[in-house]
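See structure below.
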Amino acid sequence: MTAVATSSVDVLAAVRAIPDPEVPVITIDDLGILRSVDLDGDRLRVVITPTYSGCPAMEAIRANIQRVAADHGYEADVSMQLSPAWTTDWMSADGRDALARFGIAPPHVLKDGPVAVGLSVRQVTCPLCGSTDTEELSRFGSTSCKALRRCVSCREPFEEFKAL
Amino acid sequence: MGRAPDTTVPEGDSLAAAYCLQLGDDALIYAQRLGEWISRAPQIEEDMALGNIGLDQLGQARALLTRVGELDGSGRTEDDLAYLRDEREFRNVQLVEQPRGDFAFEMARLLWFSSYQAELYAALLTSEDEVLSAVAHKAVKEVAYHRDHATQWVLRLGDGTLESHDRMQTALEAVLPYLAELFDDDAVSLAAAEAGRGVAPSGLHDAVVARVGAVVDEATLTLPNDSRWRSRGGRTGAHSSAMGHLLADMQHIARSHPGAQW
C-alpha cells in the first residue's frame, strides 16, 4: 500500500478512533485504554494499558494501531503500561452512551477503593427497556470485562460492563 | 524426596527475580488448573467464569514471569519459563497444582487462594519493585472478583441441600492440608520483605483466615483446623505427584514443536 501523506492531526484522530476489538461500538480512546498518542518526527509513540491483566485483545489492539499508523505513512511504537491501573472510571461519557445504545449496560462509577464483596444490591438499568428491575445471571460474561444480566420486566438478557 | 532442594537466598536483582518467580508460578499453575474446567463445569456460565478467572491468573503470571527474565540476567522469556523448566524448578505452592476435584473442591480452593492473593496483592501495592507494584494494582481488583465469586458459591452450596452442604464441607477438609504452606515464611519471601519488595507470608495469615472463616460460618459450614499432615516444599521445588502430569499437559506441545507459532 502506498503511504498517503496526511496531516498529523489526521493520524492522531485515526488512532483515537480505533474500535475495541471485543466491543467494537466503543473506541479505544473512549474506553480509556489509550493512555497517550504523540508524534515524534515520523514516528508515532502510543501508550496503551490493559483492561484486565490477561486481556487477550491487547495484541489485536497493538496490531490495529500499527496498521492505522502505517495507512497514514507513520510507524508506531506501541508500549504497554500497567500502572496506574485502568479503571472503568476512565471511560468517557460518549463511550458510556455508545455502550448503552448497543445494549450493554455501562459500568457504574466507582467511588474509591476495590470492588465491594458480597451480594450486591446495586441497581442496573436495562439498556433495552429502561427498567431497573434486573438481576445478575453471572458475574463473568463473554469477555473479562462484562457480566451477564437479565431484565425482569422485558425478560431480555443483556450484558453489563463491569466496574473495575 | 530426591535431590536436596536449593535453599540459597539470592541477592539484589536475583532475589527480586526469585520472589517474582514464586508469585508467577502460583498464578501460572493455577491458571492451568482453572482452564481445565472449560467444558467440564456444571453450567456454561461456570465454564466462562472459571475460564475468565484463569485468564486473569495467566495475565498476572505473564507479567511476573517476564519480569523474572529481565531481572535474573538469563534473558528468558515468559514462554521459556513456562514451557522449558522442569518440575524441580517451579516454585508454586502445592495447593494450586492439586488435580481438579469436584466443583465444591474448586470453590474451596478458590476461596482460600483468592483470599490469600487479595491480602498479598494489597500488601504489594507499596512494593519498591515498580513492576510488582504495577501488577498488584491491577491484580488486587481482579482477585476481589474471584473471591466474591467463590464466596457466593460457598454460601450457596453450604447453605443449600444436604448433599451440597456435605460435599462443600468435605471440600473444605480436602484443601486443609495444603493451606499452611501458603503462610510459611520461606527464605526468599523474608529477604524480599526485608528489601521492601515483598511481604512475609505469615503476616497475611490472620486476615485470610478471618475472611474465609466469616464466609464458612455464614454458609453454615465448619472451618476445619485439625489436619493429620500438611504439604511443604513447593517454594523449594518439591512438588506432589500431580505436578509432573500437569506439566506434561501444559508443556508437551511447546516441547514437541520448539519455536512453533500460529
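In what follows, chains are A, B, ... by sequence order, proteins preceding strands, each numbered from 1.
- Counting non-hydrogen atoms of neighbouring residues, nucleotides and ligands closer than 6.0 angstrom, the CZ atom of B:F183 exceeds 12 such neighbours.
- Of residues 37-46 of chain A, no residue lies under 4.5 Å from chain B by any heavy-atom pair.
- A distance-only check finds a donor-acceptor pair linking the side chain of B:K138 to the backbone of A:T51 [under 3.5 Å].
- Taking CD of B:Q60 as the start and OH of A:Y52 as the end, the distance is 12.0 Å to the nearest 0.5 Å.
- Between the CG atom of A:L148 and the CD atom of B:E45 there is a distance of 6.5 Å, given to the nearest 0.5 Å.
- Proximity to chain B involves both the backbone and the side chain of A:P50, based on heavy atoms less than 4.5 angstrom apart.
- Residues A:S53 and B:D56 have side chains that never bring a donor and an acceptor to within less than 3.5 angstrom of each other.
- Considering every non-hydrogen atom in both A:T143 and B:N52, the closest pair reads C-OD1, 3.9 Å.
- The structure places CZ of A:R139 at 11.5 Å from NE2 of B:H146, a figure rounded to the nearest 0.5 Å.
- Counting heavy-atom neighbours within 6.0 Å of B:R33 CZ, excluding the residue itself, gives a total above 12.
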When you look at A:L164 and B:Y145, which way does the side-chain contact (heavy atoms from CB on, under 4.5 Å) test go after all the steps?
CA-CA 9 Å; A:L164 186 78; B:Y145 268 107; 3.8 Å; yes
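- For B:L58, no part lies under 4.5 angstrom from a heavy atom of chain A.
- The contact between B:A49 and chain A is made by backbone and side chain atoms together, counting heavy-atom distances below 4.5 Å.
- Annotation: the span from B:R62 atom CZ to A:M58 atom CE amounts to 10.5 Å, rounded to 0.5 Å.
- Atoms OG and CG, from A:S83 and B:L125 in turn, are 10.0 Å apart once rounded to the nearest 0.5 Å.
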